[in-house]
Amino acid sequence: MSEKFTMQALVHAGSAGPDGLRLEQVPRPEAGSDEVLVKVVAAGLNRHELFVIDAHTDDGPKIVGADAVGTIAATGSSTDSLRVGDTVLINPCIGWTDTEDVPEVPTILGGPVQGTFAEYVTVPSVNVRPVPPHLSDIEAAALGLAGLTAYRALFTKGRLRAGHHVVITGATGGAGTLAVSMAAATDAEVTVVTRHSSKIAQATALGATHVVVGIDGFNEKLHKPADLVIDSVGSASFPAAVKALRPGGRIISFGATTTPDITLSLRELFFRQTTLEGTSMGSAPEFDQMLQFVTDHAIRPTVHAVRPLSEAADALREMASGVAFGKTVFTIGPTGTPQPSPSADAR
Ligand SMILES: NC(=O)c1ccc[n+]([C@@H]2O[C@H](COP(=O)([O-])OP(=O)(O)OC[C@H]3O[C@@H](n4cnc5c(N)ncnc54)[C@H](OP(=O)(O)O)[C@@H]3O)[C@@H](O)[C@H]2O)c1
């Protein structure tokens, strides 16, 4: 961190939850030799941030945020292909280079390391990519974590093919809306499960062929069994998700928005030969595959709201309430505090 230059950041300290968030001036990070310093333009909100600040109280101030689009403000000495001023999208998953070599817990920006809800963030140079040409910076800022997770869940793990019937819970959230768009682009039959009848029209417009309202026992309302269920709601949806499958079907879990603990009869798995797999984020090759897929199919993340970072606490409270359809994206601008020009300390 540079004591010489400061930046504005959304810092979490003290009280757990959104009440502990403050905009503060903090030292600006510096790029290491294999890193780039990114001046953040827009940063997408994920439920991950809500979990982190809800659990965070006393191990020092934390800057959360996994996703961002920004411009390169400085490069390390070994990052020759990148130029100051390039606009880039950040892959929030750090250090996962080989898809088959699954890390114990994938490292995420804004988890153990400083996140993107700040004017500047440093990331390994291998974690930045050009923004897909069909997307605005705001849309691209909503893509990284959700797109990577949805892509791996549907395709690497779920083996989704055209004509499959996929059921998606949590489908109206950030990751869920991208999963719906990607599944629809594959010509799968897509059933969305939501708690809100008010979200039916948006889900249908996004590509859902069927919408089921209500989580508890949703399997009984399906028009036919699922080949694949993508679940991120957790304990509230999982019992029904297992029953929703055809014999030999697959269920892929990447989240526990409600709670993580379930009771499951193994007979439900072995008699019906169900495959149950977990997944979390994805590798660098999968990030590139996801960007190519999104570009090829002109998929746009669903942006629920664009807000200044100063409204982050309210945005996180709104996320907890579950009214949103898609992603909130924060815009991150100058603070009025004099900052050196981006090129002044490049290299
Ligand atoms: N492992 C990973 O790498 C990874 C990556 C991304 C996300 N995740 C996890 O996936 C989940 C979704 O993340 P997100 O960022 O997409 O969150 P989000 O935008 O808040 O979406 C969550 C969705 O789940 C549903 N939901 C929320 N609270 C619920 C409740 N109490 N009961 C039933 N349904 C509820 C809502 O749909 P309705 O309002 O339509 O019911 C909501 O749209 C989170 O648990 C997150 O931690 C994991």
Do you know the tightest heavy-atom contact between A208 and V192?
CB-CG2, 3.7 Å

Closest approach of L89 and A140, non-hydrogen atoms and distance?
CD1-O, 3.3 Å

Considering the options V123, D67, L145, which one meets the side-chain contact (heavy atoms from CB on, under 4.5 Å) requirement together with I90?
V123

Any donor-acceptor pair under 3.5 Å linking the side-chain atoms of T122 with those of E30?
no

Looking at every heavy atom in both T328 and R307, which two are closest together, and how far apart are they?
CG2-CD, 4.1 Å

Tell me the closest heavy-atom pair linking E119 and I332, and the distance in Å.
CA-CG2, 3.9 Å

Side chains of I299 and M182: closer than 4.5 Å at any heavy-atom pair?
yes

What distance separates L109 CG from I94 CD1, expressed to the nearest 0.5 Å?
4.0 Å

For residues F293 and F155, establish whether the separation of their ring centroids is below 6.0 Å.
yes

Closest non-hydrogen atom pair, A183 against V166:
CB-CG1, 3.9 Å

Check for me whether R28 meets the cation-pi criterion with Y120, that is, NZ or CZ under 6.0 Å from the six-membered ring centre and within 45 degrees of the ring axis.
yes

Is any side-chain heavy atom of V294 closer than 4.5 Å to a side-chain heavy atom of L143?
yes

Might you point out which heavy atoms bring A74 and A31 nearest each other, and give the distance in Å?
O-CB, 4.3 Å

Are R317 and P18 close enough that some pair of their side-chain heavy atoms sits under 4.5 Å apart?
yes

Side chains of Q292 and D296: do they bring a donor and an acceptor to under 3.5 Å?
yes

